[in-house]
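As structure tokens, the structure follows; a few thoughts come after it.
Heavy atoms only: backbone and side chains are in, while hydrogens, waters and symmetry mates are out.
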Amino acid sequence: MQKGVFPVAGRDLVTLVKVHYDDGFNGPVYAVATSLPDYNHPQDPKRVRAHLETGTWVLEPMNGGIAVSYFVLVDVKGTVPPSLIKVVQTQTPMCIAEVASFITKEGAFPLLIRHIATFEPAFNILQVSEEYDPKSGNFTSNFTVHNPGTLGGSISYLFPPKRFPGGNIEVSVKAADASSSGGIGAIRIRRVVGTAVPLVGQGTAVTISVDTAAVPAGLDKFSVVVLFRRSTAAGVTYNGRTVEDTRVDADDKPMNQVVAPVTVIAPTPTSREVPIRTTEPSTPVATAPQPRPAALPSVAATPVAPAAPAKRPYIEHQYSALGRKALDFAKQIYPLDSAGWIPHSVNGNVKITQKDVPGFPMAAIRGDSFWNGFTMLEALSVLKNLESRSVWDARYDGGKILDTLNLDENVVYTLQKGTFPVAGRELVVLLKVHFENGLNGPLYAVASSIPDHSHPSDPKRVRAHLETGTWVLEPKDGGIAVSYFVLIDVKGSVPASVLKLVQSQTPMCVAEVGNYLANEGPFPFLIRHVANFEPSFNITDFSQDYDPKSGSFNARFTVNNAGSLGGSLTYLFPSKRFPGGRVAVAVQCAVAEAIRVRRAVGSAVSLAGVGTAITVSIDAASAPAGIDKIAVVATFSKSAVPGVTYKGSVVEDTIVDAGDSLAQLPVIQTSAPPKTPPSKAGPASPTTAAPKPPTYVPHRHTETGVKALRHLKALLAKKWTKHPETKGGLSVSSVEVEGFAATAVKAEKVFPPEFSTEDIVAAIRSGGARLYWDEGFDGVQVVEFMNPNEYIFRTKRKPSPPYK
């Protein structure tokens, strides 16, 4: 909740908070807050619910310290005098100085240790919540351990010296419920010493681990509440005794955890436990932080794909020349400023222009707009789907694909509605999709008539000639700049009034597709133009269909030379179509034993869109001798079982990041190691293996978080206007954003070397600390906790009536 400034009432906000590590402690780290407009948390009748577009902290290592940026873009709603908006904009950037002052005077908060191999929480431990009470000095952590008898697991916390003087900490553990009491005897507490600890910050590190040998038989999970209190006894004590020390250095292996071996060729998928850890897959986990860079790294405006994979060989066909000619014409007339487009009107967020073309009775008509928060592949999935076209194209009356020539070219038959007394039209077109520069754009989807096609004409319709019907998509500011232009000869005799109606409806398809994406979401699609997911060259004969009613998606393809080349391809299943990422996979083919199905996680997935990525591959070694061609039908259906399942078992995950090459598709094994007794004090065996990155479990606000992160990166890339330097060495700047009365304000400051990234993250996440560093803050409530990096806050500021 946010304080009011007389005579303005206070505000309240319900926000999703998302913490994202781009590269572990190497930075940047983003702590993003964005409003959840439709969240049903009760509103305070004395306050106005504001809309926070973004309230973001960005932390980056720099010259031995941390470069910190804090910026806010908010619509406060209601009636607010400009003078008060100016007051708020003056106060906001000062929060950054107050955070530095707070940590210096009061010290950092206890924190969960992350992104260091030796401390990364075990993937079978689900943290439920944590709480620190500054008055009593008590810190409480609640978590659940899954499969403790097989996997064990550990989780570690750092306790800063100002909060726990002398490192004197008393630990107590109790069961969260009656069914968990049997697990208490398996808990082991140790103090951690060694060079790995200072990588996180200053203080005392304490590890809670599970001894697999002490877990009662049949106990598949247990939940505990761990309390850490200041103590007068020296050291770390548990059950009245000083605990043992475990030495952990920066390059040591994870303690008491499953260390996942990485191989290039996957084994036959086996059953594994449902993934229960909830750390975002797009967060890479470093073995140990590298030296801090000397300069502040730049932040990309939108996800940029790595170097594009080698181009798929193009096989000429009878319409190849027509396709190239149509694409050249579309590129020629696309430029808005230099190709002679004349402003016509503006309808909502669609800018309409037209262009006279010699030889055509009707001018070319065009609509330009912007679709926020979507990738080109997500948008293309809707543009190519004929079933959805009846929703976003007012004149569409049906159609079908006559021929699939390759992944990017189809022959399509479409019907257009008539307007009495004018008969309907029909078209046979070549639809050509062209990625000019991979996922960096632009993308052209060009339709052009095939004049002599042999498909029978409908005697009740007139076959029109479409010179071009083109969509152009370009990534911009966390979304897509979109253009749609049409040049058509409708043939026959058509009254001017009907031509005018057609011209008014056509450009509004841009708005309707944007609405469809926002309301219904993209369709499942084949991931293209990301090296890690590009379909293998030897896979051909693609086709697919999706039934919105049943939620079933069928993909058909042929694998050539399967015994020598294998092959793989990957589909993305959007969150709105497959909630929670729950997908059941069934495969029909003559050699089912050669099929492998895996879920793909990692930063490469977000280049394509938001959802669950599933890879279907052929294991060449398992393909029977003599079979050179395999026809495959893969069916993907909504499921009630968590995760992605195939043959009744949850499939393995493949970690694929944006920088990986086609030859590097690590497959994470999930088999447990032999049981070992608890480690004793002393040095651990050195290794450079990274811990198994935890599996991210999607939730109903996953898409909101991903879009908020994408949008804030785009906002950072804008040209900000610098203000005079303020007190405390703050650099303040602002930028105007379309649709917001108040400008976005950003403050920047370099924190000294004694601060770690995690110190600052802990301070800005804590409601107790915020009372000290945010002058307008008036309280917070954690409404929902999804995982350690995502949760929902309700914040408020003090009301000052009578005005809103």
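- Here the shortest heavy-atom pairing between Val513 and Trp392 reads CG2-CD2, 3.3 Å.
- Residues Leu377 and Leu572 have side chains not in contact (no heavy-atom distance under 4.5 Å, counting atoms from C-beta outward).
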Evaluate His20 against Val32 for side chain to side chain contact (heavy atoms under 4.5 Å, CB included), listing each step before the verdict. CA-CA 8 Å; His20 173 80; Val32 188; 5.9 Å; no
For Ile333 and Arg366, what are the C-alpha separation, side-chain angles and deciding distance, and is it a side chain to side chain contact (heavy atoms under 4.5 Å, CB included)? CA-CA 11 Å; Ile333 70 169; Arg366 168 174 176 158; over 6 Å; no
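- Arg598 has its side chain out of reach of Tyr646: every pair of non-hydrogen atoms, C-beta onward, lies at least 4.5 Å apart.
- With hydrogens and angles ignored, the 3.5 Å screen pairs a side-chain donor or acceptor of Arg710 with a backbone N or O of Gly373.
- Taken to the nearest 0.5 Å, the OG1 atom of Thr34 stands 11.5 Å off from the NZ atom of Lys707.
- In this structure, Lys384 places its NZ atom where more than 12 heavy-atom neighbours from other residues, nucleotides or ligands lie under 6.0 Å away.
- Taking CD of Gln354 as the reference point, atom CD1 of Ile365 lies at 5.0 Å (rounded to 0.5 Å).
- Proximity of Arg582 to Thr612: side-chain heavy atoms (C-beta onward) are nowhere separated by under 4.5 Å.
- Nearest heavy atom pair, residue Glu426 against residue Asp458, reads OE1-N, 3.2 Å.
- In terms of heavy atoms, Ala481 sits closest to Lys476 at CB-CD, 4.2 Å.
- In this structure, Pro642 and Val650 approach most closely via the heavy-atom pair O-CG2, 4.0 Å.
- Ring geometry for Phe523 against Tyr546 counts as perpendicular: the plane angle is over 60°, on a 0 to 90° scale with 30° as the lower cut.
- Separating the NE2 atom in His529 from the CG atom in Asn440 is a distance of 11.5 Å, to the nearest 0.5 Å.
- Across Ala464 and Ile488, no two heavy atoms sit closer than the pair CB-CD1, 4.3 Å.
- Residue Asn410 holds its CG atom at 6.5 Å from CG of Leu405, rounded to the nearest 0.5 Å.
- By the 4.0 Å N-to-carboxylate-O rule, Asp397 lies too far from Arg425 to be salt-bridged with it.
- With a 4.5 Å cut-off on side-chain heavy atoms, Ser35 and Thr15 count as touching.
- Using a 3.5 Å distance cut-off with no hydrogens or angles, the side chains of Tyr444 and Glu436 do not pair a donor with an acceptor.
- Between Phe485 and Trp341, the two ring planes are tilted [angle within 30° to 60°].
- Ring geometry for Phe553 against Phe636 counts as tilted: the plane angle lies between 30° and 60°, on a 0 to 90° scale.
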Show the numbers, then the answer: is there a side chain to side chain contact (heavy atoms under 4.5 Å, CB included) between Glu474 and Met376? CA-CA 7 Å; Glu474 295 195 69; Met376 292 194 301; 5.9 Å; no
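- Proximity of Glu512 to Asp393: side-chain heavy atoms (C-beta onward) are nowhere separated by under 4.5 Å.
- Distance check: Leu36 CG to Leu13 CG gives 10.5 Å after rounding to the nearest 0.5 Å.
- Of the possible donor and acceptor atoms, one in the side chain of Glu378 sits under 3.5 Å from a partner among the backbone N and O of Thr375.
- Using a 4.5 Å cut-off on side-chain heavy atoms (C-beta onward), Val510 and Trp371 make contact.
- Across Asp477 and Phe370, no two heavy atoms sit closer than the pair O-CZ, 3.9 Å.
- Counting heavy atoms from C-beta outward, Phe557 and Val616 have side chains that approach closer than 4.5 Å.
- Put simply, the side chain of Arg461 gets close to the backbone of Gln416: a donor and an acceptor are under 3.5 Å apart.
- We find the CG-OG1 distance between Asp337 and Thr353 to be 10.0 Å, quoted to the nearest 0.5 Å.
- Listed for the Arg395 side chain is no donor-acceptor partner under 3.5 Å among the backbone atoms of Thr506.
- By the 4.5 Å heavy-atom criterion applied to side chains, Ser448 and Thr468 are not counted as neighbours.
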Given side chain to side chain contact (heavy atoms under 4.5 Å, CB included), test Leu52 with Val72 step by step and report yes or no. CA-CA 8 Å; Leu52 181 67; Val72 175; 3.9 Å; yes
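- Between the side chain of Asn347 and the backbone N or O of Val350 there is no donor-acceptor pair closer than 3.5 Å.
- Remark: the backbone N or O of Ala339 is paired with a side-chain donor or acceptor of Lys355 at under 3.5 angstrom.
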